[in-house]
J.: 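One structure, as structure tokens, below. Some questions next.
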Amino acid sequence: MDTAVDLTPKAATNAQHRHLYLVDGSAYIFRAYHRLPPLTNPKGVPVGAVYGYTTMLWKLAEDLHKADGPTHLAVILDKGSTTFRNALYDQYKANRPPPPEDLVPQFPLIRDATRAFSLACIEEDDLEADDLIASYARAATARGWDVTIVSSDKDLMQLVGKCAAGGGCVDMLDTMKNQRIDIPEVIEKFGVPPEKVGDVLALMGDAVDNVPGIRGIGPKTATKLIQEHGDLEAALAAAPAMKPSKLRDSLIEQADMARLSRVLVALKEDCDLPIPIEDFELKAIPPDPLAAFLSEHGFTSLLRKLGTAAPAPAPAPADTATASHASPTSSATEGASRQSLPAWPEIDLGSYACVQSMDELERWIGRAFDARIVAIDTETSALDSMRAELVGVSLALGPNDACYIPLGHGGSDMFAERPEQIDRLVALRALKPLLESDAVLKVGQNVKYDITILARAGEAVGGLAVAPVDDTMVMSFCLDAGRSETGLAGHGMDELAERHLGHATMKFKDLCGTGKKAITFAEVPLADATRYAAEDADVTWRLHRLFGPRLSDEGGTRIYQTVDRPLVPVVAQMERHGIRVDRDRLAALSSEFAGKIGELEAVIYDKCGGAFTIGSPKQLGEVLFDKLGYKGGKKGKSGQYSTDQSVLETLAGQGAEVATLVLEWRQLSKLKSTYTDALQAAINPATGRVHTSYSLVGAQTGRLSSNEPNLQNIPIRTEIGRQIRDAFVAEPGNVLLAADYSQIELRLAAHMADVPALKDAFAAGEDIHARTAMEMFGAVDRDTRGRAKTINFAILYGISRWGLAGRLGTSADEAQAMIDRYFERFPGIQRYIHDTLEQVRERGYSETLFGRKTWFPRINSKNQAERQGSERAAINAPIQGTCADIIKRAMVRMMPALQTAGLGHVRMLLQVHDELVFELPEGDIERARPVIEDVMARAAEPAIALTVPLGVEIGTGPSWGAAH
DNA sequence: GAGGTCACG
DNA sequence: GACGTACGTGACCTCT
């Protein structure tokens with residue numbers, strides 16, 4: 001795309017003059033929010049303040065042409081809510097009300113806007129934007145650069161007019177009033193020059209930041225005192241000599257408060273600078289990301305200014321991309337699979353560099369800073385991110401522009417010859433600023449893995465928190481969940497490369513082999529390792545370039561940017577925390593179960609007239625139905641008898657004792673092999689805890705899934721199984737806290753289908769199944785309530801008369817009558833089912849309240865079973881998926897909310913679909929409980945105003961079992 | 001690797 | 001009249 005507006009810097013050609021603009025982004029949006037109308041973007045997300053911010057950046061970029069315009073520019077944001085100032089004064093900023101609801105979702109968009117302009121964005125923990133601005137201003141003026149602070153914050157006025165020996169000076173620019181602020185303007189406002197502003201502020205205090213100052217002294221008196229006495233200490237010293245008055249007493253009594261305030265308002269000018277100022281150089285602003293951003297948020301006037309009428313700069317030459325989505329029946333999969341390819345060179349495995357010297361590494365790092373987007377991939381010795389060792393890192397900056405940095409090849413054998421490579425810690429120290437820079441986007445395929453590997457490897461260099469990140473796997477999921485006909489994976493690198501790039505990647509197996517002969521990646525020769533690893537980064541880079549525009553074209557940006565993307569580091573942290581399990585307790589259960597299993601086996605063999613493999617359904621079926629001659633044996637299409645729980649229960653009901661024994665044997669075998677044995681083996685030797693791995697793309701509906709081990713299916717429904725939950729314990733002095741959404745899927749169904757009777761019942765806090773029983777049967781007892789519960793679930797899962805009949809033990813006709821009655825009493829449900837299916841048949845996908853799509857390529861299949869299966873899944877997906885969105889939103893907000901409450905040490909450990917499990921000191925339960933409840937109950941807000949309350953139930957105890 | 005079974009929400 | 005009998009998962013076992 002060509003630019004019509006020239007945003008190319010001209011001042012940069014003047015090599016002598018440097019002028020750094022530091023934009024106080026956080027302060028700006030608060031002002032913009034109050035000053036601008038409440039605009040929303042096409043997805044309904046409020047963007048008024050973002051619009052103001054975007055126009056401001058635009059104006060600044062246009063000022064490039066002016067004599068005192070910027071040659072360098074960076075945006076500085078406030079990051080955390082507590083800073084070193086809270087350590088000085090715990091009440092600091094304590095009065096500040098929470099930001100308005102419709103401003104909250106705009107904060108992350110500020111970063112997106114900044115990135116859309118390809119500008120640097122800085123934020124640091126423990127430091128306020130003001131301190132970073134002060135430090136950068138000092139560093140720049142010391143080199144003779146001029147500095148303009150884009151803000152109107154009065155604290156920053158302390159810096160105005162500061163000039164260094166090198167010749168650079170500081171001024172401010174208030175873009176809203178379009179006013180330059182220099183020394184005269186400061187004197188006009190405060191009556192004192194900039195260097196005395198801190199003294200005035202210390203006396204008058206600040207209600208918003210909760211800087212105490214001295215009670216009864218406002219701006220007028222503060223200014224007068226400083227004008228008369230020169231500075232704060234002089235004014236305090238002069239107090240005893242003043243004529244007796246309230247003012248005199250206050251000055252004497254509250255002198256310490258004033259001194260504390262003086263420290264609080266002082267700016268910290270010696271912060272470490274996360275990115276060197278040279279890196280803020282303004283280059284030509286690439287129009288494509290900017291156009292995509294403007295288009296996504298409906299900023300059409302700016303988009304026109306940019307000089308394009310096209311909706312978005314997708315790599316989509318007219319013939320394919322948009323047309324293929326229209327017809328889900330015939331080509332839903334092809335629609336996702338065959339975008340026309342950008343004019344990139346084919347993947348060339350020979351083009352990649354192997355980085356073996358620091359010089360070369362520094363060059364790649366420098367180029368990555370310039371590029372602002374880098375694809376990364378880590379190679380390791382194993383698949384488990386909590387056990388694997390880092391073996392190498394690959395980077396990609398463009399097509400065929402990729403390298404591999406070997407860091408652990410040659411393995412641990414000290415006698416083996418190790419290939420030449422940079423020392424791991426030296427390399428990590430060099431990579432750290434890049435990987436942590438807010439100005440550089442790191443792109444990974446399943447980047448959660450790389451975050452964890454690098455965080456663990458980076459412990460030796462003072463921590464390594466990779467951010468910000470994009471994840472091509474998660475992006476693919478937000479675009480194409482359910483779209484691949486073949487199956488569950490669907491979003492793996494090899495498949496994505498094949499589908500979107502038409503490229504078959506090198507296979508790990510070919511490098512390392514399988515089975516006993518397999519070697520680890522550390523043993524792969526560098527030449528092969530380079531080809532493999534750099535290819536992965538190259539592919540990731542290319543996929544990212546395809547998926548970004550597709551997300552905005554296809555309406556996936558909202559769910560990706562506001563839910564799944566910010567969730568990635570949150571889940572990575574949960575996995576790293578892990579959870580403690582009591583090994584001795586599990587071992588005791590294992591041997592107890594083993595004993596009972598042995599006894600049961602003996603009795604079963606005795607009753608069956610001989611030994612056989614009880615665990616073999618085939619053998620068991622033959623014994624029960626052929627040898628012992630029990631009735632009711634049904635063979636499936638595999639020609640095998642079914643022996644599942646319902647069959648065995650039926651037999652048991654007919655007096656077959658052996659069926660009861662087999663059921664008991666099955667339960668114990670399951671518990672032992674899947675839980676009590678497996679969980680002991682899953683304890684990580686380094687941490688002593690169990691670390692599951694969550695898949696962010698595992699379930700088509702948007703749910704997480706948990707594996708290795710699966711901690712989302714720990715027993716709870718039976719007493720004997722529950723004992724396993726008791727083995728999940730808190731560290732000494734701590735407790736586990738479990739917070740559950742109660743009946744969330746039914747609540748969401750009531751909202752989404754708009755069912756007044758159900759909504760009223762939830763609003764009144766009634767027992768929902770009892771209410772259903774009353775509506776359906778006119779009476780509530782144990783039997784009708786149970787049946788009502790079954791029917792409620794049947795509705796959520798997409799009902800059929802036969803399925804319901806099977807569950808209720810009635811005839812299909814009776815089941816149908818109940819379904820009819822349900823629809824009659826709750827009329828919204830039938831409409832919801834009808835409308836949902838119609839929409840899915842037409843568009844090919846369902847959608848959650850938050851815009852997450854799930855595709856159903858078989859919804860119009862001629863095969864009835866296939867089609868009906870898709871229909872049931874399509875009815876359920878919006879409900880299950882909205883539930884997933886809500887708990888994910890809660891997870892994203894949870895730690896910031898806890899931190900704000902001074903509970904940053906609370907650890908979020910597990911997610912089980914509608915439940916979150918935390919570990920925290922016993923003494924913090926009562927403070928943490930309301931924060932957790934509030935975040936969860938309000939997780940849909942402000943994007944969606946639910947018409948039912950979200951109920952949250954919280955329990956605590958020494959173990960997970962006890963917390964329920 | 002497939003099929004059966006069963007643990008969870 | 002057959003299809004197969006509730007949505008979404010993952011792990012373990014047996015057998016081919």
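First the proteins, then the strands, lettered A, B, ... as listed; each starts at 1.
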J.: Checking A:F477 now: which residues fulfil ring-ring contact (aromatic ring centres under 6.0 Å, His included) with it, not counting sequence neighbours?
T.: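 Only A:H491 meet the ring-ring contact (aromatic ring centres under 6.0 Å, His included) criterion with A:F477.
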J.: State which of C:dA11, B:dG9, B:dC8 makes the closest approach to the side chain of A:P715.
T.: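 So the nucleotide nearest the side chain must be B:dC8.
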J.: Would one find a side-chain N or O of A:S705 under 4.0 angstrom from OP1 or OP2 of C:dG10?
T.: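 True: A:S705 side-chain N/O within range (under 4.0 Å) of C:dG10 OP1/OP2.
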J.: With a 6.0 Å cut-off (strictly less than), is the heavy-atom count around CD of A:E649, excluding the residue itself, greater than 12?
T.: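 Counting neighbours around CD of A:E649, more than 12 heavy atoms of other residues, nucleotides or ligands fall under 6.0 Å, so yes.
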J.: Does B:dC6 have its OP1 or OP2 closer than 4.0 Å to a side-chain nitrogen or oxygen of A:R666?
T.: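 It does, given that an N or O in the side chain of A:R666 lies less than 4.0 Å from OP1 or OP2 of B:dC6.
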J.: Quick one: side-chain hydrogen bond (donor to acceptor under 3.5 Å, both in side chains) partners of A:D626, sequence neighbours excluded?
T.: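 A:D626: side-chain hydrogen bond (donor to acceptor under 3.5 Å, both in side chains) contacts with A:Y641.
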J.: Hey, is the main chain of A:F777 close enough, under 3.5 Å, to the side chain of A:R787 for a donor-acceptor pair?
T.: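 No; judged by distance alone, with no hydrogens or angles, the pair does not exist.
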J.: Without decimals, in angstroms, what is the distance between A:F593 CZ and C:dC12 P?
T.: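 Roughly 16 Å, once rounded to whole Å.
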J.: Quick check against the 3.5 Å criterion: does A:H751 have a side-chain atom that pairs as donor or acceptor with the backbone of A:L946?
T.: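 No; zero donor-acceptor contacts below 3.5 Å.
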J.: So, for A:R867 and A:K862, which heavy atoms are closest and what is the spacing to 0.1 Å?
T.: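 Minimum heavy-atom separation between A:R867 and A:K862: NH1-O, 3.7 Å.
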J.: Going by heavy atoms closer than 4.0 Å, what residues in residues 800-819 of chain A are next to DNA chain B?
T.: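 Output list: empty, so none.
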J.: Salt bridge check: are A:R722 and A:D726 linked by an N-O gap of less than 4.0 Å?
T.: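 Salt bridge flag = no for A:D726 with A:R722.
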J.: For C:dC3 and B:dC8, measure between their P atoms and round to the nearest Å.
T.: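 Rounded to whole Å, the distance is 33 Å.
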J.: Just how far, in rounded Å, is P of B:dA7 from CD1 of A:I720?
T.: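 One finds 11 Å between P of B:dA7 and CD1 of A:I720, rounded.
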J.: Whole Å only: how far is the CG atom of A:L620 from the P atom of C:dC13?
T.: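 For the pair A:L620 CG and C:dC13 P, the rounded distance is 17 Å.
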J.: Taking only residues two or more places apart in sequence, or in another chain, which ones meet A:D564 in a side-chain hydrogen bond (donor to acceptor under 3.5 Å, both in side chains)?
T.: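 side-chain hydrogen bond (donor to acceptor under 3.5 Å, both in side chains) check on A:D564 returns A:R852, A:K888.
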J.: What distance, rounded to whole Å, do you find between the two P atoms, one in B:dG3 and one in C:dT5?
T.: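 That atom pair is separated by 14 Å.
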J.: Can you find a side chain N or O atom of A:R717 that sits less than 4.0 Å from OP1 or OP2 on B:dA7?
T.: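 It does not, given that no N or O in the side chain of A:R717 lies less than 4.0 Å from OP1 or OP2 of B:dA7.
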J.: In whole angstrom, give me the gap between the P atoms of C:dG4 and B:dG4.
T.: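 Comparing P positions in C:dG4 and B:dG4 gives a spacing of 12 Å.
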J.: Near DNA chain C, under 4.0 Å by heavy atom, which residues of residues 862-874 of chain A?
T.: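 Here the set is A:Q864, A:R872, A:A873.
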J.: Rounding to a whole Å, what distance do you find between A:N713:CG and C:dG8:P?
T.: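 My rounded result for the distance is 17 Å.
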J.: Listed by chain and number, what are the ring-ring contact (aromatic ring centres under 6.0 Å, His included) partners of A:Y822, not counting sequence neighbours?
T.: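 A:Y822 satisfies ring-ring contact (aromatic ring centres under 6.0 Å, His included) with A:F826 once adjacent residues are dropped.
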J.: Distance criterion of 3.5 Å, no angle test: do you see the side chain of A:K618 paired donor-to-acceptor with the base of C:dC15?
T.: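 Answer is no: no donor-acceptor pair is held.
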J.: Under 4.0 Å, counting only non-hydrogen atoms across every strand here, what does A:E915 touch: a base, just sugar-phosphate, or nothing?
T.: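 Answer is nothing: A:E915 stays at 4.0 Å or more from every strand.
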J.: Starting at atom NZ of A:K672, determine the distance to atom P of C:dA11, rounded to an integer number of angstrom.
T.: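 It works out to 19 Å between those atoms.
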J.: Classify the nucleic acid contact of A:N710 as base, sugar-phosphate or nothing, counting any heavy atom under 4.0 Å across all strands shown.
T.: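 Answer is sugar-phosphate: A:N710 comes under 4.0 Å of backbone atoms only.
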J.: Among B:dC6, C:dC12, C:dG8, which is the nearest nucleotide to the side chain of A:A699?
T.: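 Closest of the options to the side chain of A:A699: C:dG8.
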J.: In residues 739-752 of chain A, what residues come within less than 4.0 Å of DNA chain B, judged by heavy atoms?
T.: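 Of all residues in residues 739-752 of chain A, none places a heavy atom under 4.0 Å from DNA chain B.
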J.: Is any side-chain nitrogen or oxygen of A:S616 closer than 4.0 Å to OP1 or OP2 of C:dC15?
T.: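 Indeed, a polar side-chain atom of A:S616 lies that close.
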J.: Can a donor-acceptor pair be found, under 3.5 Å and without considering hydrogens, that links the side chain of A:D754 to the backbone of A:G828?
T.: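 Judged by distance alone, no pair lies under 3.5 Å.
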J.: What stems involve DNA chain C, if each pair must be Watson-Crick or G-U and both of its distances must be under 3.5 Å, with 3 or more such pairs in a row?
T.: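 Listed by first number, the stems are B:1-9 with C:7-15.
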J.: Are side-chain N/O atoms of A:S706 and A:Q712 paired as donor and acceptor at under 3.5 Å?
T.: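 The answer is no; no qualifying pair exists.
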J.: Among C:dG8, C:dA6, C:dA11, which nucleotide sits nearest the side chain of A:Y797?
T.: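 Among C:dG8, C:dA6, C:dA11, the one nearest the side chain of A:Y797 is C:dA6.
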J.: Is there a donor-acceptor pair under 3.5 Å between the side chain of A:D644 and the backbone N or O of A:V647?
T.: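 Checking the backbone N and O of A:V647 against the side chain of A:D644, a donor-acceptor pair under 3.5 Å is found.
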J.: Specify the separation, in whole Å, of atom CG of A:N876 and atom P of B:dG9.
T.: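 Roughly 16 Å, once rounded to whole Å.
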J.: Sequence neighbours left out, what pairs pass ring-ring contact (aromatic ring centres under 6.0 Å, His included) with at least one residue falling in residues 694-729 of chain A?
T.: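 Residue pairs passing ring-ring contact (aromatic ring centres under 6.0 Å, His included), neighbours aside: A:F728-A:W960.
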J.: Return the value, rounded to whole Å, for the distance between atom CZ of A:R703 and atom P of C:dG10.
T.: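 These atoms are roughly 11 Å apart.
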J.: Base, sugar-phosphate, or nothing: which does A:I716 touch, judged by heavy atoms less than 4.0 Å apart?
T.: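 Sugar-phosphate, no base atom in range.
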J.: Who pairs with A:T676 by side-chain hydrogen bond (donor to acceptor under 3.5 Å, both in side chains), at least two apart in sequence or on another chain?
T.: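 With neighbours one apart ignored, the set is A:S590.
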J.: Anything under 3.5 Å between a protein N or O and an N or O of nucleotides 2-4 of chain B, put it in a table, one pair a line.
T.:
unit_1	atom_1	unit_2	atom_2	d
B:dG4	OP1	A:S638	OG	2.9

J.: When you check the gap from the basic side-chain N to the acidic O, do A:R821 and A:E775 get nearer than 4.0 Å?
T.: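 No, this pair does not count.
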J.: Could you state the atom-to-atom distance from CD1 of A:I614 to P of B:dT5 in whole Å?
T.: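 Going from A:I614 (CD1) to B:dT5 (P), I get 15 Å.
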J.: Would you please name every residue forming a side-chain hydrogen bond (donor to acceptor under 3.5 Å, both in side chains) with A:R585, sequence neighbours left out?
T.: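 A:R585: no side-chain hydrogen bond (donor to acceptor under 3.5 Å, both in side chains) contacts found.
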J.: Scan A:I714 against the nucleic acid and name what it touches under 4.0 Å (heavy atoms): base, sugar-phosphate only, or nothing.
T.: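 Sugar-phosphate contact only - A:I714 comes under 4.0 Å of backbone atoms but never of a base.
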J.: Using 4.0 Å as the upper bound for N to carboxylate O, is an ion pair formed by A:E814 and A:R801?
T.: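 No, no charged N to carboxylate O under 4.0 Å.
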J.: Can a salt bridge be assigned to the pair A:R843 and A:E838 using a cut-off of 4.0 Å between side-chain N and carboxylate O?
T.: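 Not counted as a salt bridge, because no side-chain N and carboxylate O are separated by less than 4.0 Å.
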